[in-house]
Amino acid sequence: KIKDYCMKEVLLKIIEKIQRERALNKQHPNHVLFVRDILFPLRVEAVEVLKELEREGKISHTRTINDEAYLINESDQ
């Protein structure tokens, strides 16, 4: 399970960064949208971390008909 404080920190940093950029650029409204501003950066970061875990041999990756699938390698369980 992801530790709550880790996800809280990540989300707060994303929101803070976007609001700061919008304030500096005098963009209004300065609110942060869930799908465009939060979900997309989280997805990009998650994909990079998954690739790193696969390179390290900790997980394996495969494609399904509709999605990507990951498994923890048995030696790491």
Side-chain angles (χ1 to χ4, degrees):
K1 181 180 175 190
I2 295 175
K3 298 279 184 187
D4 287 339
Y5 69 90
C6 291
M7 186 56 69
K8 286 178 185 177
E9 288 177 13
V10 169
L11 291 172
L12 285 170
K13 286 181 182 184
I14 289 171
I15 293 168
E16 178 184 35
K17 178 179 182 249
I18 293 169
Q19 280 189 305
R20 187 175 341 110
E21 289 172 358
R22 290 185 179 161
L24 290 172
N25 295 324
K26 297 181 172 123
Q27 292 177 325
H28 297 283
N30 68 346
H31 59 253
V32 177
L33 300 172
F34 178 69
V35 173
R36 187 184 77 193
D37 298 326
I38 294 176
L39 203 54
F40 181 73
L42 286 176
R43 183 191 178 283
V44 169
E45 186 66 25
V47 168
E48 289 302 314
V49 171
L50 288 166
K51 287 179 183 178
E52 184 178 329
L53 289 168
E54 186 177 12
R55 282 191 303 270
E56 293 171 357
K58 294 184 178 191
I59 64 170
S60 58
H61 165 252
T62 189
R63 292 200 46 98
T64 67
I65 293 172
N66 299 324
D67 207 345
E68 308 277 328
Y70 300 91
L71 291 168
I72 295 176
N73 291 333
E74 288 186 27
S75 62
D76 287 325
Q77 286 186 354

- Query: For Phe40, what residues pass the ring-ring contact (aromatic ring centres under 6.0 Å, His included) criterion, not counting sequence neighbours?
  - Reply: none
- Between the CD1 atom in Ile18 and the CD atom in Glu16, the distance rounded to the nearest 0.5 Å is 11.0 Å
- Query: If you group Ile, Leu, Val, Met, Phe, Trp and Tyr by side-chain heavy-atom gaps below 4.5 Å, do Leu12 and Phe34 land in one group?
  - Reply: no
- Query: Any side-chain heavy atom of Ile14 sitting closer than 4.5 Å to one from Leu42?
  - Reply: yes
- Item | Joint hydrophobic cluster, Val47 plus Val44, side-chain heavy atoms closer than 4.5 Å | no
- Task: Considering only NZ, NE, NH1 and NH2 on the basic side and carboxylate oxygens on the acidic side, decide whether Lys17 and Glu21 come within less than 4.0 Å.
- Result: yes
- List for me each residue that meets side-chain contact (heavy atoms from CB on, under 4.5 Å) alongside Glu68, sequence neighbours excluded, and say none if there are none. His61, Arg63, Tyr70
- Task: Quick one: list whatever passes side-chain hydrogen bond (donor to acceptor under 3.5 Å, both in side chains) with Asp37, sequence neighbours left out.
- Result: Arg22
- Main-chain N/O of Ala23 paired with Asn30 side-chain donor or acceptor, under 3.5 Å: no
- Could you give the distance from NZ (Lys51) to CD1 (Ile59), rounded to the nearest 0.5 Å? 11.5 Å
- Message: If I take atom CD1 from residue Ile15 and atom CZ from residue Arg20, how far apart are they, to the nearest 0.5 angstrom?
- Response: 12.5 Å
- Message: Could you report the tightest heavy-atom contact between Gln19 and Val32, atom names first, then the distance?
- Response: CG-CG2, 3.9 Å
- Query: Roughly how far apart are Leu53 CG and Glu48 CD, rounded to 0.5 Å?
  - Reply: 11.5 Å
